[in-house]
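Working notes, structure below.
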2 protein chains.
Amino acid sequence: MDVVDSDIAQVLRHAGYRVTRPRMAILSVLQENREYLSPQEIHRRGRERYQGLGLVTVYRTLQILDGLGIARRVHTRDRCHSYALARGDRHYLVCRRCGQVLEFPCDGLVPLVESVRQETGYLIEGHLLEMTGLCSECQSQGGADR
Amino acid sequence: MDVVDSDIAQVLRHAGYRVTRPRMAILSVLQENREYLSPQEIHRRGRERYQGLGLVTVYRTLQILDGLGIARRVHTRDRCHSYALARGDRHYLVCRRCGQVLEFPCDGLVPLVESVRQETGYLIEGHLLEMTGLCSECQSQGGADR
DNA sequence: GTGCTTGCAAACCCTTTGCAGTGAA
DNA sequence: TTCACTGCAAAGGGTTTGCAAGCAC
């Protein structure tokens, strides 16, 4: 179990959850794939690490991980229920071809939030900024979307 | 049929689609509700305008409208398949209590897109910026989410 | 009149729930 | 040892598909 696994295991334990083989298998899949994956895909890959992994456990674990902010849902035009490991903040970049998910710091949004608040009167509690496109590798390769 | 209906009817016709009663009923629902609605909800409200409207037609029509950029999917934490009429650009504000969807101009994002492009090498093709919070009315009323 | 659209019913598939056995602490 | 967790099977619910009838053009 590598360093990051241990960190996440700590978070789970502190939140009162048990650290189990199925959960570690799912985390390991998310960690080794910097792309968004559907629950089915996570299940398939998770079985390569832990044969007995059930799809139901994947769903339940993803809910827990999402609740703890460890993983998060990625929304794309067609897929609304895929997940990727959260890597720090709430802004990400999705490659439409290979599915890689990259998070980026986003201080530039603060003044924008403020101006929207002033114009609309909304109390803004959260936001989702997702950019889609092609990562540099996929730009040079061409081909169809996932 | 009011002015905006006619405009949209034109767009449909130009794209090779027929302008039918079910489609107009669905459009009218979207136009009269500045909030995101699930296909089921659109179906229910659409029946008030056209009794015979079928749920399947709602799904098929929403796909067409989404494809033409007339309506668009609204992604929220729990609901990924709700729709609202597109009102000009790709940035919106969702009230978590009443479900109102407001679009806002967003020039402030241009420099941000550019800096992300430089840092990551991504070819950025599109983005989704969704802010959530409480509209001014709901701020003064309190109460539970939808 | 032609053939795109529609609504119904049924098929599909993803997600959740119930439950008894299992294993982390 | 305890009880949270798991996998299986089944239920549940939303979405899509097949097809004959209907309607826009």
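A note on names: the letters A, B, ... follow the listed sequences, proteins ahead of strands, and every chain is numbered from 1. All values below were derived from every heavy atom in this structure, side-chain atoms included, with hydrogens, water molecules and symmetry-related copies excluded.
A pairwise comparison of heavy atoms in B:I124 and B:V113 identifies CD1-O, 3.7 Å as the closest pair. The two residues A:Y83 and A:D66 come nearest to each other via the heavy atoms CE2-CB, 4.3 Å. The shortest non-hydrogen separation linking B:M131 to A:V116 is CE-CG2, 4.1 Å. Taking both residues in full, the closest heavy atoms of A:V58 and A:I26 are given as CA-CD1, 3.7 Å, listed atom of the first, atom of the second, then distance. Across all their heavy atoms, A:Q139 and B:G121 have their closest contact at NE2-O, 2.7 Å. Here the closest non-hydrogen pair linking B:L55 and B:P39 is CD1-O, 4.0 Å.
For residues 48-64 of chain B, the pairs satisfying salt bridge (charged side-chain N to carboxylate O under 4.0 Å, His left out) are B:E32-B:R49, B:R44-B:E48, with sequence neighbours left out. Applying the salt bridge (charged side-chain N to carboxylate O under 4.0 Å, His left out) definition to pairs two or more places apart or across chains, none involves residues 15-29 of chain B.
In terms of position on DNA chain C, the residue among B:R23 and A:R60 whose nearest nucleotide sits closer to the 5' end is B:R23.
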For nucleotides 23-25 of chain D, which of its nitrogen or oxygen atoms have a protein nitrogen or oxygen under 3.5 Å away, and what is each distance?
{"from": "D:dA24", "atom 1": "O3'", "to": "B:V19", "atom 2": "O", "distance (Å)": "3.4"}
{"from": "D:dA24", "atom 1": "N3", "to": "B:R18", "atom 2": "NH1", "distance (Å)": "3.2"}
{"from": "D:dC25", "atom 1": "OP1", "to": "B:R13", "atom 2": "NH1", "distance (Å)": "3.1"}
{"from": "D:dC25", "atom 1": "OP1", "to": "B:V19", "atom 2": "N", "distance (Å)": "3.2"}

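For the pair A:D66 CG and C:dT16 P, the computed distance is 12 Å after rounding to whole Å. Between A:Q40 atom CD and C:dT16 atom P there is a gap of 11 Å when expressed in whole angstrom units. For B:M24 and C:dT5, the CE to C1' distance is 13 Å, given to the nearest whole Å. Look at CG on B:L62: it is 12 Å from P on C:dT6, rounded to the nearest Å. Computed from coordinates, the B:I26 CD1 to C:dT6 C1' distance equals 11 Å when rounded to whole Å. Taking atom CG on B:L27 and atom C1' on C:dT5, their separation rounds to 15 Å, with Å as the unit. Between the CZ atom of B:R44 and the C1' atom of D:dG14 there is a distance of 17 Å, given to the nearest Å.
Non-hydrogen atoms lying under 4.0 Å from DNA chain D are contributed by B:V56, all within residues 46-56 of chain B.
Remark: B:Q63 is in phosphate contact with D:dT16, judged by side-chain N or O atoms under 4.0 Å from OP1 or OP2.
Residues that satisfy the side chain to side chain donor-acceptor pair (under 3.5 Å) test with A:E114, not counting sequence neighbours, are A:R117, A:Q118.
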